[in-house]
2 protein chains.
Amino acid sequence: MTDAYTIKEAAEHTGIPEETIRYYERIGLLPRAERKQNRHRVYRPKDLETMRLVTCLKKTGMPLEEMKPFLKLSVGDDISEHPELHDLIVEHRAKIREQMDSLQQILDFIDSQMIGTAPEAECGLAGQPKRFGFLNL
Amino acid sequence: MTDAYTIKEAAEHTGIPEETIRYYERIGLLPRAERKQNRHRVYRPKDLETMRLVTCLKKTGMPLEEMKPFLKLSVGDDISEHPELHDLIVEHRAKIREQMDSLQQILDFIDSQMIGTAPEAECGLAGQPKRFGFLNL
DNA sequence: ACTTGACCTGGAGTCAGCTCCAAGTTGTAT
DNA sequence: ATACAACTTGGAGCTGACTCCAGGTCAAGT
């Protein structure tokens with residue numbers, strides 16, 4: 001067979017611990033993995049990609065439950081045939097943008113306090129600019 | 001007294017629910033609040049700022065425990081007198097930069113799949129570029 | 001006097017996301 | 001034959017961050 005990985009190898013390649021991979025299968029985030037005669041899990045390259053996608057989405061703060069619809073689409077599926085997913089991803093894209101804005105504001109804030117060069121930052125809070133005095137240098 | 005807020009008002013101004021404010025006090029994230037004769041909590045503007053700082057740091061993914069050293073410094077303290085905190089914040093700044101990079105890569109990836117204009121993205125994973133086919137448009 | 005509403009305390013429950021464990025099976029090395 | 005390592009299952013336990021009581025206090029309004 002082409003490229004088969006044990007769970008250990010899958011863990012090494014994806015950085016996701018074995019236990020966690022099994023957990024993901026248990027909660028139905030990942031599909032039930034193929035098994036060998038001895039019931040051991042076998043993973044294919046596309047499975048590793050799916051796992052990497054999980055890692056990827058997790059970085060953006062997406063909860064595991066929300067990932068399920070995306071992961072159910074098999075590799076190669078055309079998203080345009082799934083308008084509801086298209087909407088979901090557009091929605092998630094907006095969240096990521098917001099997150100980045102927050103982070104940028106905080107960076108600006110830190111820099112303005114620590115180096116005194118960045119523009120005014122208010123930590124993304126509405127209302128009059130507030131500075132957290134303890135950071136003054 | 002100048003500007004005193006009830007817990008309810010504090011909650012309204014900061015967006016943090018009352019229960020959560022009490023919880024933060026319980027776990028020692030926020031200092032024990034001033035009380036009135038009737039034991040009700042009283043909050044001052046500086047307390048609201050501290051709460052806003054919590055919200056702010058939370059947005060960057062900092063766990064509550066890690067915030068404590070920062071919050072213990074009272075408003076107006078000079079961070080240069082606390083080199084260990086300076087280091088912590090520089091460290092956290094680096095984490096935020098990483099987070100932003102991850103998010104940017106994912107945005108690029110989404111956009112490249114959904115609009116077909118953005119540069120190549122690999123979801124920040126080492127190794128050979130992989131694309132998650134289901135997003136093809 | 002009594003109700004109402006905002007607050008208090010301490011403790012229990014919840015949820016996500018793991019993480020660990022015990023007991024069992026299988027395949028390989030000595 | 002026997003030990004060992006790598007896996008399996010199902011279930012329990014854990015951490016972080018809340019969230020929800022139950023039962024009590026207090027001040028103001030009718």
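Just so we're on the same page: letters track the sequence lines, and every chain starts at 1. All heavy atoms count here, side chains included; hydrogens, waters and symmetry mates do not.
Residues passing the side chain to side chain contact (heavy atoms under 4.5 Å, CB included) test with A/Thr20 are A/Ile16, A/Pro17, A/Tyr24, sequence neighbours excluded. Residues meeting the side chain to side chain contact (heavy atoms under 4.5 Å, CB included) test with B/Pro31, sequence neighbours left out: none. A search for side chain to side chain contact (heavy atoms under 4.5 Å, CB included) contacts involving B/Asn38 returns B/Lys36, B/His40, not counting sequence neighbours. Not counting sequence neighbours, A/Arg26 has no partner by the salt bridge (charged side-chain N to carboxylate O under 4.0 Å, His left out) test. A search for salt bridge (charged side-chain N to carboxylate O under 4.0 Å, His left out) contacts involving A/Lys58 returns nothing, not counting sequence neighbours. In this structure, the side chain to side chain contact (heavy atoms under 4.5 Å, CB included) partners of A/Tyr5, at least two apart in sequence or on a different chain, are A/Asp3, A/Glu9, A/His13, A/Tyr43, A/Pro45, A/Leu48. Partners of B/Glu12 by salt bridge (charged side-chain N to carboxylate O under 4.0 Å, His left out), not counting sequence neighbours: none found.
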Any protein N or O atoms within reach of nucleotides 2-9 of chain D? Criterion: under 3.5 Å, listing atom names and distances.
unit_1	atom_1	unit_2	atom_2	d
D/dC7	OP1	A/Thr6	OG1	3.4
D/dT8	OP1	A/Arg41	N	2.5
D/dT8	OP1	A/Arg41	NH1	3.0
D/dT8	OP2	A/Arg22	NE	2.9
D/dT8	OP2	A/Arg22	NH2	3.0
D/dT8	OP2	A/Arg41	NH1	3.2
D/dT8	O5'	A/Arg41	NH1	3.3
D/dT9	OP1	A/Arg35	NH1	2.6
D/dT9	OP2	A/Arg41	NH1	2.8
D/dT9	OP2	A/Arg41	NH2	2.5

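Within 4.0 Å (heavy atoms only), A/Leu64 reaches sugar-phosphate atoms of the nucleic acid but no base atom. If you check every strand for non-hydrogen atoms under 4.0 Å, B/Lys36 touches nothing.
For the 3.5 Å distance criterion, the side chains of A/Asp101 and A/Gln105 fail to qualify, holding no donor opposite an acceptor.
From the 5' end on, the contacts that DNA chain C makes with chain A at under 4.0 Å to a non-hydrogen atom open and close at C/dG17 to C/dG27.
The nearest whole Å value for the distance from the OH atom in B/Tyr24 to the C1' atom in D/dG16 is 11 Å. Rounded to whole Å, atom P of D/dA17 lies 8 Å from atom CD of B/Glu65. Remark: P of D/dA17 and CG of B/Leu29 are 9 Å apart, rounded to the nearest angstrom. Rounded to an integer number of Å, the gap from B/Ile27 CD1 to D/dT19 C1' is 14 Å.
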